[in-house]
Amino acid sequence: MGAQELSKGYDPRGVEEKWLKFWEEKKSFSPDANKVKKPYSIVIPPPNVTGTLHMGHALNLTLQDILCRFHRQLGYDVLWVPGTDHAGIATQNVVEKALAKEGKTRQMLGREKFIKRVWEWKEEYGNKILNQIRRIGASVDWSRLRFTMDQGLSRAVREVFVRLYEEGLIYQGDYIINWCPRCHTALADLEVEHEEVLGALYYIKYPLAGGTDAKGEVIVATTRPETMLGDTAVAVHPEDEKYSHLVGQEVILPLVQRKIPIIADSYVDREFGTGCLKVTPAHDMNDFELGKKHQLDLIQVIDDEGRMNEQAGPEFAGLDRFECREKVVQLLEEQGFLVKKEDLRHSVGHCYRCHTVIEPYVSKQWFVKVEPLAKKARDAVADGKTKIFPEHWTKTYFEWLDNIKDWCISRQIWWGHRIPAWTCESCGHLIVAREDPPECPKCKSVHLSQEEDVLDTWFSSALWPFSTLGWPEKTHELEKFYPTSVLVTGFDILFFWVARMMMMGLHFMKDVPFRHVYIHALVRDAQGQKMSKSKGNVIDPLLMMDKFGTDAFRFTLTAFAAMGRDIKMSEERIEGYRHFINKIWNAARFALMHLAEETEEEKVEFEPARLSGLAHQWILHRLEEVKSEVRKALLAYQFNDAAGTLYQFVWHEFCDWYLEMIKPELYGEDEAVKAGARACLKQVLMEILILLHPIIPFVTQEVWSYIPGEKNLNLAQESYPETRAECLQPDIVEKMQFLQDVVVSVRNIRSELGIAPAQRLKLYLRADGDDRDFLLTQKNLIMHLARLEVLEIEPDLTPPSGSASNVVKGYELYVPVKDLVDIESELARLDKELKKINKELEIVSRKLANEGFVNKAPAHVVDKEKLKLKEFEDKKIKLEKLRERLADLKNG
RNA sequence: AGGCGCGUAGCUCAGGGGGAGAGCACUUGCUUGACGCGCAAGUGGUCAGGAGUUCAAAUCUCCUCGCGCCUACCA
């Protein structure tokens, strides 16, 4: 590209779209099918088609994108599969709402038309999130876009269902399940959100039935009095003397007048309430189990709408369950059966989609027998076949798998994978098949009715890592990219999704679905609260990208993505990191100004061995360290470390020191030096851009396109910079530190004594031996950096009168300030220095005075402390002398 | 009830047995031949509290307090 000058500030508008198009046209993110590069693959956690990009997605995508772009640089063949999830209940709800506006229900449309309507909705709105994924710069392979309801994945779902059924791992039966009366469907245990609410515990009298002399009664305690209408027993603990004599007798259920038995079961907690439990097998999970065990009647009094049915009795039939509760309580009270009512905090299950209170409900459902699958999923992590980062989530993962219960997978909705099961209307035979059966294999009847229910959305999500790669076909993709390298996700779906993918992957692919699982943080608001629409504290990632640029936003997420801690996000933070993006832009602008000046004849190839200047040697040394630190950090998922290292290096080393140090060379007369400086500057800039690119792809690519003479325009295809071991020379850091100390010392004097920056100063520095030789070689540089007009470095020098002074590396330095400031200020400044050094000296001397330390600590530690002591003492003495001299001057 | 995590500068957070760190904020000064979205120099800390292990603890162990989250059949 040409040698245009960059604008004064970075403006992301236009830039981002330009490069997105560029990368897409170049197919930069499709794996390189022909090459034998090592595979690296990630499947995207598929967002709901109903969704719009939120902070959680943004973080999730940014981290995956960093990993993918980084691994491309490392030479891997990278595949990142994008896609969306059909989100059964959520999507159906959305479309039903739209229908409601037209005054229609899905029942009015019928199943087929309704499904058609959902597909239409999906085509129209479902791609919104895909554009947003694109917008954030996610380097996915769009040619492999998948959807959980598309043909291939639907085929995988059927295959899995049928195989599990044939293996006896899927079964159908009447059980009590979590029912959402609003969504009209069963939910898995995981889909129920428990929430603490203030409820009440009602104590109700159940009079004893039996003989004429039976005058007694038992008192039960319940939070759901309306369910008493379906009570079929009262249970007590078998060893509870209070009640043991009553076991086997009967009570008369108030309001209903039904006689029900008193049974004994050790499940009952003697300490809770009265120690006497009413049993409603049809409407309580535990009571259901009790009912089965004791062969109790099962009376359903609540229907699938959450209303009381005829079984509840004519007085109550048709009432909503909560209205009924009030009525029951009122009647009990009127008839003298209500003993008391206590407040009680307890947790109540709510639907995770619509937040309606869950109703335990008995119905015919399909289940996956998970224990055998769970065991394998557990072992794979225990054996290290899959590693979870941060490691502590492993325990949570184990705990869940160890206590897992069968998974209810049928949903009474229409949008989803319809269960491939048919019942023969003639003979009642149940058929489970991959292909729709034309007739009953048993009686040849053609009157078959397909199961109405669809599968839990997570059932298809569980297959995602292999279904997206073409399973059950034996595809090239499967062979090359399964198991995937890493799964990046939030902990909130560790059970929902991660554990289930592990189970299915191991069962059907005989191998784990991913080598690593990286669990990232939750993005919260600035106060640390979860973002939610109802709280009104959501920060829209799209707005942030519009306002500050995608790079600034991505860098912010990365810089805060420390393992195991949530991210508190705020607009100010993003704004802060925009400054960094702009800083990079301006550093590049400066560099490119000088690179652009260069003519072909002047141009020098970058050859580190020939660069003798301190600045170049130092920056190249540091660059080597940074390269290895960033690589190490990213391989360990320490994203914040990578971001932090680069921030510090680019701003405070490259910009603050290196660029300042090479200015005299760049603006100087010596053409050879100038050319060398340009070559090094260019190299360092290019490597910085490569290192930053995975985090902030746009600004780096934009700058890259301006680099003169660069043949490869596509930064996304650049390799991670090679190591230059010859540039590592630790002693250069020490030298640099010395120089920086001298410069900072002068700047400090200037600043603390209030001398104008424009005022050129004189500096007299005592130094000898190698140190002096070194400083002499850097004389011009020091004069430039410290803004000096005179610099003298001598082994012996007479302190000029009326000067400010300091001690650096044991050498006194003097800055004559007689006419600029009063002696008082300088005395105060020296006192401050002395106070500092005294403090440090005290710490070190105390340590060395400790015999235990000197005897037991490792020799190198003790030596270090001794050296420090010597340095500090020396510095203290010298500072004191300087102070004395100045005080004398003042007095005389 | 059990489990996990957190408590470090005013704020947000790194660090994780041998000199308390960063960013933001704050103070002072500044048209410094890239950048005021900037430059330079500074101020600021009983590393929640207590006990223990150790020559040495912000760091390891235990306890206490506070905060957050997850899991559970808390009628």
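In what follows, chains carry the letters A, B, and so on, assigned in the order in which the sequence lines appear, proteins first and then strands, with residues in each chain numbered from 1. A quick note: this is a predicted structure, and the numbers were derived from the prediction, not measured.
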Enquirer: Within this structure, what is the CH2-to-C1' distance between A:W393 and B:rG3, rounded to whole angstrom?
Expert: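 A:W393 atom CH2 is separated from B:rG3 atom C1' by 11 Å.
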Enquirer: Rounding to an integer number of Å, can you tell me how far A:E575 CD sits from B:rG38 P?
Expert: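 Distance check: A:E575 CD to B:rG38 P gives 10 Å.
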Enquirer: When we call it a touch if two heavy atoms are under 4.0 Å apart, what does A:K395 touch: a base, just sugar-phosphate, or nothing?
Expert: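 Contact class for A:K395: sugar-phosphate only.
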Enquirer: Less than 4.0 angstrom between a side-chain N/O of A:R747 and OP1 or OP2 of B:rA41, yes or no?
Expert: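 For B:rA41, OP1/OP2 do have a side-chain N/O of A:R747 under 4.0 Å.
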Enquirer: Name the closest nucleotide to the A:K568 side chain, picking from B:rC37, B:rC13, B:rG38.
Expert: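 For the A:K568 side chain, the nearest candidate turns out to be B:rC13.
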Enquirer: Any Lys/Arg nitrogen of A:D265 or A:K293 sitting under 4.0 Å from an Asp/Glu carboxylate oxygen of the other?
Expert: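 Salt bridge present between A:D265 and A:K293.
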Enquirer: Taking 4.0 angstrom as the limit, do A:R321 and A:E226 come out as a salt bridge?
Expert: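 Salt bridge between A:R321 and A:E226, a charged N being under 4.0 Å from a carboxylate O: no.
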Enquirer: In whole angstroms, how far is the C1' atom of B:rC70 from the OH atom of A:Y352?
Expert: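 So the OH-C1' distance, A:Y352 to B:rC70, works out to 18 Å.
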Enquirer: If I compare all heavy atoms of A:T222 with all of A:K278, which pair ends up nearest, and what's the gap?
Expert: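 A:T222 and A:K278 have their closest heavy atoms at CB-CD, 3.6 Å.
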Enquirer: Tell me whether the OP1 or OP2 atom of B:rA75 has a side-chain N or O from A:H283 closer than 4.0 Å.
Expert: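 Indeed not, no polar side-chain atom of A:H283 lies that close.
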Enquirer: Could you tell me whether A:E734 atom CD has more than 12 heavy atoms of other residues or ligands within 6.0 Å of it?
Expert: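 Open.
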Enquirer: State whether A:R829 and A:E826 are salt-bridged, where the test is any N-O pair (Lys NZ or Arg NE/NH1/NH2 against Asp/Glu carboxylate O) under 4.0 Å.
Expert: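 So A:R829 pairs with A:E826 through a salt bridge.
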Enquirer: Within the 4.0 Å heavy-atom criterion, would you say A:T280 contacts the bases, only the backbone, or no part of the nucleic acid?
Expert: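 Answer is nothing: A:T280 stays at 4.0 Å or more from every strand.
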Enquirer: Taking only the side-chain heavy atoms of A:F560 (C-beta and beyond), determine which of B:rU12, B:rC74, B:rG5 contains the nearest atom.
Expert: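 Of the options given, the side chain of A:F560 lies nearest B:rU12.
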Enquirer: I want to verify a distance call: between B:rA34, B:rC37, B:rA75, whose nearest atom is closest to the A:H579 side chain?
Expert: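 The closest nucleotide is B:rC37.
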Enquirer: Which of the following nucleotides, B:rC70, B:rU32, B:rC69, is nearest to the side chain of A:F495?
Expert: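 When the side chain of A:F495 is considered, B:rC70 is the closest of B:rC70, B:rU32, B:rC69.
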Enquirer: In terms of side-chain geometry, is the basic nitrogen of A:K839 or A:E842 positioned less than 4.0 Å from the acidic oxygen of its partner?
Expert: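 No.
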Enquirer: Between B:rC62 and B:rC24, how far is it from one C1' atom to the other, in whole Å?
Expert: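 The answer is 37 Å between these two C1' atoms.
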Enquirer: I need the CE-C1' distance between A:M569 and B:rC13, as an integer number of Å.
Expert: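 It is 13 Å, rounded to the nearest whole Å.
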Enquirer: Scan every strand shown for a Watson-Crick or G-U wobble partner of B:rU61, both distances under 3.5 Å, and answer none if you come up empty.
Expert: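 Base-paired to B:rA51.
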Enquirer: Parallel under 30°, tilted from 30 to 60°, perpendicular over 60°: which one fits the rings of A:W585 and A:Y706?
Expert: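 Ring orientation, 0 to 90° scale: perpendicular.
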Enquirer: At under 4.0 Å between heavy atoms, what does A:D656 touch on the DNA or RNA strands: base, sugar-phosphate, or nothing?
Expert: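 Answer is sugar-phosphate: A:D656 comes under 4.0 Å of backbone atoms only.
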Enquirer: Just one of A:K832, A:E873, A:E871, A:K876 clears the side chain to side chain contact (heavy atoms under 4.5 Å, CB included) bar with A:I837, so which one?
Expert: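 Answer after filtering A:K832, A:E873, A:E871, A:K876: A:K876.
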Enquirer: For B:rC65 and B:rG50, measure between their P atoms and round to the nearest Å.
Expert: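 The answer is 15 Å between these two P atoms.
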Enquirer: For the side chain of A:H392, counting heavy atoms from C-beta on, which of B:rG5, B:rG33, B:rU32 is nearest?
Expert: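 Between B:rG5, B:rG33, B:rU32, the one nearest the side chain of A:H392 would be B:rG5.
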Enquirer: Go through the N and O atoms of the side chain of A:T396 and the base of B:rC4, and report whether any donor-acceptor pair is under 3.5 Å.
Expert: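 Under the 3.5 Å cut-off, the side chain and the base do not form any donor-acceptor pair.
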Enquirer: If you only use heavy atoms from C-beta on, which nucleotide in B:rA34, B:rA75, B:rC69 is closest to the side chain of A:F491?
Expert: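 Of all the options, the side chain of A:F491 is nearest to B:rC69.
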Enquirer: Starting from C1' on B:rA56, measure out to CZ on A:R846 and report it in whole angstrom.
Expert: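 These atoms are roughly 12 Å apart.
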Enquirer: For the P atoms, the ones on B:rG42 and on B:rC37, what distance do you get once it is rounded to whole angstrom?
Expert: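 Each nucleotide's P atom is 24 Å from the other's.
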Enquirer: Within this structure, what is the CD-CD distance for the pair A:E193 and A:E195, rounded to the nearest 0.5 Å?
Expert: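 The CD atom of A:E193 sits 7.5 Å away from the CD atom of A:E195.
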Enquirer: Counting the atoms with a prime plus P, OP1 and OP2 as sugar-phosphate, which does A:R573 contact under 4.0 Å by heavy atoms, base, sugar-phosphate, or nothing?
Expert: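 Sugar-phosphate: the residue A:R573, judged by heavy atoms under 4.0 Å, touches backbone atoms but no base.
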Enquirer: Looking at B:rG29, which nucleotide sits across from it as a Watson-Crick or G-U wobble partner, both distances under 3.5 angstrom, or is there none?
Expert: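 Partner of B:rG29: B:rC39.
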Enquirer: When both hydrogen-bonding distances must be under 3.5 Å and the geometry is Watson-Crick or G-U wobble, what is B:rG17 paired with, if anything?
Expert: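 B:rG17 is unpaired by these criteria.
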Enquirer: For the C1' atoms, the ones on B:rG16 and on B:rC47, what distance do you get once it is rounded to whole angstrom?
Expert: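 Taking atom C1' in both B:rG16 and B:rC47, they lie 11 Å apart.
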Enquirer: Roughly how far apart, to the nearest Å, are B:rG68 and B:rC60 at atom C1'?
Expert: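 Comparing C1' positions in B:rG68 and B:rC60 gives a spacing of 25 Å.
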Enquirer: Parallel, tilted or perpendicular, judged at 30° and 60°: which one describes the rings of A:W651 and A:F580?
Expert: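 The arrangement is parallel - the two ring planes meet at less than 30°.
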Enquirer: Using heavy-atom distances to pick each residue's nearest nucleotide on RNA chain B, tell me which of A:F580 and A:S751 is more 5'.
Expert: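 Taking each residue's closest nucleotide, the earlier one in sequence belongs to A:F580.
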Enquirer: Work out how far the C1' atom of B:rA20 is from that of B:rG44, and round it to whole angstrom.
Expert: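 13 Å, rounded to whole Å.
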Enquirer: Has the side chain of A:K8 got a donor or acceptor atom sitting under 3.5 Å from an opposite partner on the base of B:rC35?
Expert: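 In this structure, the two groups form no donor-acceptor pair.
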Enquirer: Starting at CD1 of A:I493 and ending at P of B:rC70, how long is that distance when rounded to a whole Å?
Expert: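 Interatomic distance, CD1 of A:I493 to P of B:rC70: 14 Å.
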Enquirer: Specify the residue among A:D284 and A:G9 whose closest nucleotide of RNA chain B lies further upstream toward the 5′ end.
Expert: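 Here A:G9 is the residue nearer the 5' end.
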Enquirer: Considering every strand shown, what is the Watson-Crick or G-U wobble mate of B:rG5 when both distances are under 3.5 Å?
Expert: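 B:rC67 - that is the nucleotide pairing with B:rG5, both distances being under 3.5 Å.
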Enquirer: Measure the distance from CD on A:E851 to P on B:rA56 and round it to the nearest whole Å.
Expert: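 About 13 Å, once rounded to whole Å.
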Enquirer: Starting the side chain at C-beta, find the nucleotide from B:rG29, B:rA34, B:rC74 nearest to A:E196.
Expert: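 Of all the options, the side chain of A:E196 is nearest to B:rC74.
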Enquirer: Treat primed atoms plus P, OP1 and OP2 as sugar-phosphate and everything else as base, then score nucleotides 42-47 of chain B 5' to 3': B for base contact with protein heavy atoms under 4.0 Å, S for sugar-phosphate contact only, - for none.
Expert: SS----
Enquirer: Classify every nucleotide of nucleotides 14-20 of chain B by which part a protein heavy atom approaches to under 4.0 Å, writing B for the base, S for the sugar-phosphate alone and - for neither, in 5'-to-3' order.
Expert: S---BB-
Enquirer: Tell me, please, whether A:Y647 has A:K583 positioned over its six-membered ring: NZ or CZ under 6.0 Å from the ring centre and within 45 degrees of its axis?
Expert: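 Here A:K583 fails the 6.0 Å and 45° test against A:Y647.
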Enquirer: Please state the P separation for the pair B:rA9 and B:rA34 - nearest whole angstrom.
Expert: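 Result for the P pair: 38 Å, nearest Å.
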Enquirer: Please determine whether any donor N or O and acceptor N or O are separated by less than 3.5 Å between the side chain of A:E572 and the base of B:rA25.
Expert: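 Donor-acceptor pair under 3.5 Å: no.
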Enquirer: In sequence, state the C-alpha distance, the side-chain angles, and the governing distance for A:Y667 and A:H594, and then conclude on ring pair (Phe, Tyr, Trp, His ring centres under 6.0 Å).
Expert: CA-CA 9 Å; A:Y667 291 115; A:H594 290 279; 4.9 Å; yes
Enquirer: Between the side chains of A:E399 and A:K395, is the shortest nitrogen-to-carboxylate-oxygen separation below 4.0 Å, so that they form an ion pair?
Expert: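 Result for this pair is no, no salt bridge flagged.
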Enquirer: Any side-chain N or O of A:W651 below 4.0 angstrom from OP1/OP2 of B:rC39?
Expert: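 It does, given that an N or O in the side chain of A:W651 lies less than 4.0 Å from OP1 or OP2 of B:rC39.
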Enquirer: Between B:rU32, B:rC37, B:rA34, which one does the side chain of A:R787 approach most closely?
Expert: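 The closest nucleotide is B:rU32.
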Enquirer: On the six-membered ring of A:Y397, is A:R378 placed so that its NZ or CZ lies under 6.0 angstrom from the centre and within 45° of the ring axis?
Expert: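 Judged by the rule, A:R378 and A:Y397 form no cation-pi pair.
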Enquirer: Taking atom C1' of B:rC37 as reference, at what distance in whole Å does atom CZ of A:F553 sit?
Expert: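 Rounded to whole Å, this separation is 19 Å.
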Enquirer: Expressed as a whole number of Å, how far does the P atom of B:rG52 sit from that of B:rU43?
Expert: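 These two P atoms come out 35 Å apart once rounded.
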Enquirer: Hey, does A:I581 reach any base, or is it just sugar-phosphate, or nothing, if we go heavy atoms under 4.0 Å?
Expert: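 Since no nucleic acid heavy atom lies under 4.0 Å of A:I581, the category is nothing.
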Enquirer: Need one value for A:H652: base, sugar-phosphate or nothing, where a base atom within 4.0 Å counts as base even if backbone is also close, heavy atoms only.
Expert: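 Since only primed, P, OP1 and OP2 atoms lie under 4.0 Å of A:H652, the category is sugar-phosphate.
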Enquirer: Within the structure shown, what part of the strands sits under 4.0 Å from A:K405 by heavy-atom distance: base, sugar-phosphate, or nothing?
Expert: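 Counting heavy atoms under 4.0 Å across all strands, the contact made by A:K405 is with sugar-phosphate only.
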